[in-house]
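Here the structure comes first, spelled out in structure tokens, and everything after it is commentary.
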Amino acid sequence: MNNPVLLSEQSDRWLIEQSLAGNNGAWAALIGRYERLIYSIPLRYGMSESQAADIFQDVCLILLERLEQLRDHERMASWLGTTTRRECWRHTNRRDRAGPDDPDAFFEQQPSALEHPEVIVEAWERYTALHQALAKLEARCRTLLKRLYFGYPPPTYVELGEELEMPVGSIGPTRARCLEKLRHEMHGENYRVTS
Amino acid sequence: MTNQHPSWESLVTWVEAGAEGREIAAHLAGCEPCAADAAWLAQTLDAMQGDAAFKAPPDGVRQRAIAAHRQRYPSTGHGKAQRTLPRRSLLYALLAAAALLLFMVVVQRQPSKAAPLVAVTGVEGEVTVTNRDEQTRRVMNGAPLEIGDRLTTGEDGLAIVEFRGNQAAVKVWSNSELSVDDLVVDEGQITALDITCRDGRMKATVAQPMAFTMQAYGNELTTRQGEFEVEYYRDDHSTEVKIEAGELTIANEAGRRTFSEGTELLIWYQTLPGDPLEYPLIYGDETSWRDGEALGLRASQ
Ligand SMILES: [Zn+2]
């Protein structure tokens with residue numbers, strides 16, 4: 001009996017092989033896994049949403065071209081981080097031909113210190129681990145935590161109580177329990193707690 | 001410092017309030033486990049508040065990138081070779097094809113009997129199957145399912161229902177019930193599949209293109225290829241749908257709409273002001289839930 005296919009749970013390597021074999025669902029899952037990383041790098045470098053969209057498209061096309069070579073790549077995220085950064089530099093250079101020929105020199109010359117892609121990749125890995133853990137929580141917990149912590153300003157307990165049909169007095173203890181479950185789910189994920 | 005460890009809840013409150021409160025701060029200075037708890041909380045709440053840092057690209061941008069693959073590999077869409085076979089496997093492939101041919105001949109000669117195209121794998125805990133005659137049996141890994149069978153998972157149960165190897169699969173979490181309603185096979189490939197999610201939580205993966213339909217709590221979910229998760233909440237009769245790959249069309253008594261990968265939806269029945277009837281409303285992504293604005297499928301007059 002073959003193993004069942006759950007696209008989102010497959011390894012990069014499996015998704016790459018399936019993409020090479022023409023499985024569009026696998027390609028979509030691969031893009032889905034890394035899209036926030038690719039799209040956010042130009043935004044973090046202060047580029048516009050339309051520039052970010054162009055860079056996203058270019059990086060996806062490069063990925064499509066390189067699938068064969070990337071089959072055995074250990075860290076897709078790092079490769080994508082570096083590739084996206086290089087595309088950011090190419091796009092900036094296209095408009096401003098006076099820029100240096102070398103991405104490193106270019107990024108060092110920028111007025112504000114731009115984050116190195118590896119730093120962004122690490123933050124993205126934390127973001128991903130957090131969201132994977134949230135996805136494993138029961139919906140009540142997930143909704144409560146997202147409503148409480150993901151937006152600004154946070155809703156009051158009275159508003160939340162009405163919205164989620166929970167007694168106001170139970171929100172405090174419930175959110176603490178949900179955070180405890182979240183920590184349990186994240187245990188062993190690559191989420192670094194820095195001291 | 002006090003010797004009494006603060007409760008987890010009071011640590012949460014302390015971190016939320018921006019680490020004000022000397023008593024806890026004094027305790028943390030001398031207690032490593034509590035300090036580690038507080039550090040985890042601070043970093044996690046921080047990460048949640050900075051959540052917008054990793055925005056997803058707009059849907060059109062994502063779809064363009066997905067389409068680039070379709071242009072490059074146009075052979076997909078007919079359920080052809082999805083799997084790369086090493087050369088020396090060619091012989092096995094030929095043998096398998098011959099076996100399949102034989103199998104199909106046998107199946108055609110016994111039209112009344114459903115072909116064992118569906119199998120239960122990854123069984124954990126209590127998993128039972130009830131057939132059309134209402135006979136219930138416990139299932140083991142590899143057990144076949146027939147059209148009309150209902151699979152139920154217990155409190156600790158988990159199972160994966162596989163359709164002809166890898167063409168499609170449904171992961172069924174605990175306290176859930178799935179039925180296999182209909183299945184169409186053409187030249188050894190599943191071309192259409194109808195199932196019903198009667199309770200609980202499941203994730204469907206349609207690895208090869210087919211007409212895939214899942215009935216779920218008054219909604220009809222259809223896709224050609226992709227992956228989505230469905231979960232039902234008994235307390236408020238809402239249905240959560242997460243689309244992880246491909247496109248998914250949702251139809252219910254209020255209308256029909258197609259959503260794409262990365263969309264999270266909440267569907268629930270709500271009485272519109274001044275209206276005696278209840279209508280299903282779909283709320284998409286958290287922003288819309290927050291604003292209380294329905295994404296679509298408002299009741300048609
Ligand atoms: Zn302590």
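These numbers come from a predicted model, not from an experiment. To find a chain, count down the sequence lines: A is the first, B the second, and so on, and within it residues start at 1.
In this structure, chain B has heavy atoms under 4.5 Å from both the backbone and the side chain of A:Leu182. Contact annotation for A:Pro155: neither backbone nor side-chain heavy atoms come within less than 4.5 Å of a heavy atom of chain B. Residue contact with chain B, scored on non-hydrogen atoms closer than 4.5 Å, involves the backbone and the side chain of A:Leu64 alike. A:Glu138 does not touch chain B: none of its heavy atoms, backbone or side chain, sits under 4.5 Å away. For chain A, the nearby part of B:Leu41 is the side chain; its heavy atoms alone come within less than 4.5 Å. The contact between A:Ile120 and chain B is made by backbone and side chain atoms together, counting heavy-atom distances below 4.5 Å. Using a 4.5 Å cut-off between heavy atoms, A:Arg33 does not touch chain B at all. Proximity to chain A (any heavy atom under 4.5 Å) is restricted, for B:Arg72, to the side chain, taken from C-beta onward. Contacts between B:Glu9 and chain A at a heavy-atom distance below 4.5 Å involve backbone atoms as well as side-chain atoms. For a residue to count as touching a neighbouring chain, one of its non-hydrogen atoms must lie under 4.5 Å from one of that chain's; by this rule A:Thr128 does not touch chain B. Both the backbone and the side chain of A:Ala135 have a heavy atom closer than 4.5 Å to some heavy atom of chain B. Neither the backbone nor the side chain of A:Ala52 comes within contact range of chain B; no heavy atom of the residue lies under 4.5 Å from a heavy atom of that chain. Within the 4.5 angstrom heavy-atom criterion, atoms from both the backbone and the side chain of A:Glu65 approach chain B. Using a 4.5 Å cut-off between heavy atoms, A:Glu35 touches chain B through backbone and side chain atoms alike. Residue contact with chain B, scored on non-hydrogen atoms closer than 4.5 Å, involves the backbone and the side chain of A:Tyr149 alike. Neither the backbone nor the side chain of B:Asn141 comes within less than 4.5 Å of any heavy atom in chain A. Proximity to chain A is absent for every atom of B:Ser7, based on heavy atoms less than 4.5 angstrom apart. Of the atoms belonging to A:Leu61, it is side-chain heavy atoms, and not backbone ones, that fall under 4.5 Å from chain B. There is no contact between B:Glu229 and chain A, counting heavy-atom distances below 4.5 Å.
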Derivation of the side chain to side chain contact (heavy atoms under 4.5 Å, CB included) call for B:Trp14 and B:Leu28: CA-CA 11 Å; B:Trp14 181 78; B:Leu28 295 184; 3.3 Å; yes

Residues B:Tyr73, A:Asn23; criterion side chain to side chain donor-acceptor pair (under 3.5 Å); working and verdict: CA-CA 8 Å; B:Tyr73 298 93; A:Asn23 183 340; over 6 Å; no

Derivation of the side chain to side chain donor-acceptor pair (under 3.5 Å) call for A:Ser170 and A:Arg177: CA-CA 11 Å; A:Ser170 75; A:Arg177 259 200 313 279; over 6 Å; no

Test side chain to side chain contact (heavy atoms under 4.5 Å, CB included) applied to B:Ile190 and B:Gln208, step by step: CA-CA 9 Å; B:Ile190 297 174; B:Gln208 291 189 24; over 6 Å; no

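Remark: side-chain polar atoms of A:Gln51 are paired, donor with acceptor, to backbone N or O of A:Ser48 under 3.5 angstrom.
Per-residue counts of heavy-atom pairs under 4.5 Å with chain A were compared for B:Thr13, B:Leu11, B:Val161; the largest is that of B:Thr13. Highest contact tally toward chain B, considering only A:Pro154, A:Ser19, A:Cys60, A:Ala29, is held by A:Ser19 [criterion: heavy-atom pairs under 4.5 Å]. Note: B:Ala65 leads B:Ala65, B:Ala35, B:Ala204 in heavy-atom pairs under 4.5 Å with chain A. Note: A:Leu179 leads A:Leu30, A:Ile31, A:Leu179 in heavy-atom pairs under 4.5 Å with chain B. Heavy-atom pairs under 4.5 Å with chain A peak, among B:Lys242, B:Gln63, B:Arg201, at B:Lys242.
Under 4.0 Å is where a charged nitrogen must lie from a carboxylate oxygen, and between B:Glu244 and B:Lys203 at least one such pair does.
B:Ile243 approaches B:Phe228 most closely through the heavy-atom pair CA-CB, 4.1 Å. Between B:Val230 and B:Cys197, the shortest heavy-atom distance links the atoms CG1-SG, 4.4 Å. Considering every non-hydrogen atom in both A:Ile41 and A:Cys88, the closest pair reads CG2-SG, 4.2 Å. The two residues A:Arg36 and B:Ala56 have their closest heavy-atom pair at NH1-N, 3.7 Å. Taking every heavy atom of both residues into account, A:Leu63 and A:Leu70 meet most closely at CD1-CD1, 3.5 Å.
One finds the CG atom of A:Leu134 at 6.0 Å from the NZ atom of A:Lys146 (value rounded to the nearest 0.5 Å).
A cation-pi geometry, defined here as NZ or CZ lying under 6.0 Å from the six-membered ring centre and within 45° of its normal, holds between A:Arg44 and B:Phe54.
Partner of A:Pro42 under the side-chain contact (heavy atoms from CB on, under 4.5 Å) criterion, out of A:Arg85, A:His91, A:Met47: A:Met47 alone.
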